[in-house]
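To start, the structure under review is shown below, and the notes come after it.
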Amino acid sequence: QVPLVESGGGLVQAGDSLRLSCATSGRTFSSYNMGWFRQASGKEREFVAVISWSGGRTYYADSVKGRFTISRDNAKNTVYLQMHSLKPEDAAVYYCAASRVMQTVTSDYWGQGTQVTVSS
């Protein structure tokens, strides 16, 4: 198993910034592609961002491109999602994910999620 623990969610106003973190055990962290997905109330899970195991490649959903930045620190066994200019439509439970292949559809391992609420 690959344990994943998200943190950093909370209640913010539209236009604010927030940074999410995802920590793991670190035994095999550097060998996984890491990503973020989200699921809004009443909606299906959707892809947000992914970063390769080396950190050299990233890919974003069109809805967040230019506003969100994914990064990773393999020495700290942590992946981050820096969110700027948050909109009410960004409100959702955000899930950290680990995958052996770089993909935007699903993943191999999932965290329990952290709630992000955006008020207008």
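Numbering starts at 1 and runs along the sequence shown. Below, all heavy atoms of this structure are taken into account, side chains as well, without hydrogens, waters or symmetry copies.
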- Query: Parallel, tilted or perpendicular: which fits the ring planes of F68 and Y94, with parallel below 30° and perpendicular above 60°?
  - Reply: tilted
- Item | S63 side chain to A61 backbone, donor-acceptor under 3.5 Å | no
- Query: Any side-chain heavy atom of L4 within less than 4.5 Å of one from M34?
  - Reply: yes
- Message: Rounded to the nearest 0.5 Å, what separates atom OG in S120 from atom CD in Q13?
- Response: 9.5 Å
- Query: When hydrophobic residues are tied together by side-chain contacts of less than 4.5 Å, even through go-betweens, does V12 share a cluster with V64?
  - Reply: yes
- Query: So, for S99 and S107, which heavy atoms are closest and what is the spacing to 0.1 Å?
  - Reply: CB-OG, 3.4 Å
- Item | L81 and T69, any side-chain heavy atoms less than 4.5 Å apart | no
- Single-linkage hydrophobic cluster F37~L18, side-chain heavy atoms < 4.5 angstrom: no
- CA sep, side-chain torsions, deciding dist, call: R100, Y32, side-chain hydrogen bond (donor to acceptor under 3.5 Å, both in side chains): CA-CA 5 Å; R100 289 182 172 86; Y32 286 89; 2.8 Å; yes
- Item | Distance-minimising heavy-atom pair for A40 and A91 | CB-O, 3.6 Å
- Task: Tell me, yes or no, whether the heavy-atom count around Q112 atom CD, taken from other residues, nucleotides or ligands under 6.0 Å, exceeds 12.
- Result: no
- Taking it one step at a time, do V50 and M102 satisfy side-chain contact (heavy atoms from CB on, under 4.5 Å)? CA-CA 7 Å; V50 67; M102 195 168 183; 3.6 Å; yes
- Message: Test ring-ring contact (aromatic ring centres under 6.0 Å, His included) on W36 and F47; report intermediate values, then the result.
- Response: CA-CA 7 Å; W36 290 93; F47 166 77; over 10 Å; no
- Check each of R67, Q82, M83 against S17 using the side-chain contact (heavy atoms from CB on, under 4.5 Å) test, and report the only one that passes. Q82
- Message: What I'd like to find out is whether the side chain of R45 reaches to under 4.5 Å of the side chain of W110, using heavy atoms alone.
- Response: yes
- Query: Using a distance-only test with no angle check, is there a side-chain donor-acceptor pair under 3.5 angstrom linking Y95 and R38?
  - Reply: no
- Query: Just how far is it from atom CH2 of W53 to atom CZ of R72, taken to the nearest 0.5 Å?
  - Reply: 9.0 Å
- Indicate, with yes or no, if V79 and Y109 share a hydrophobic cluster defined by side-chain heavy-atom contacts under 4.5 Å among Ile, Leu, Val, Met, Phe, Trp and Tyr. yes
- Item | Validation row: L20, V116 side chains within 4.5 angstrom (heavy atoms) | yes
- Query: Do V5 and T24 touch side chain to side chain, with heavy atoms closer than 4.5 Å?
  - Reply: no
- Message: Using only atom types and a distance under 3.5 Å, with no angle test, would you say the side chain of Y60 pairs donor to acceptor with the backbone of I70?
- Response: yes
- CG-CG distance between L11 and D16, expressed to the nearest 0.5 angstrom: 9.5 Å
- Check: E6 side chain, G113 main-chain N or O, donor-acceptor pair, under 3.5 Å: yes
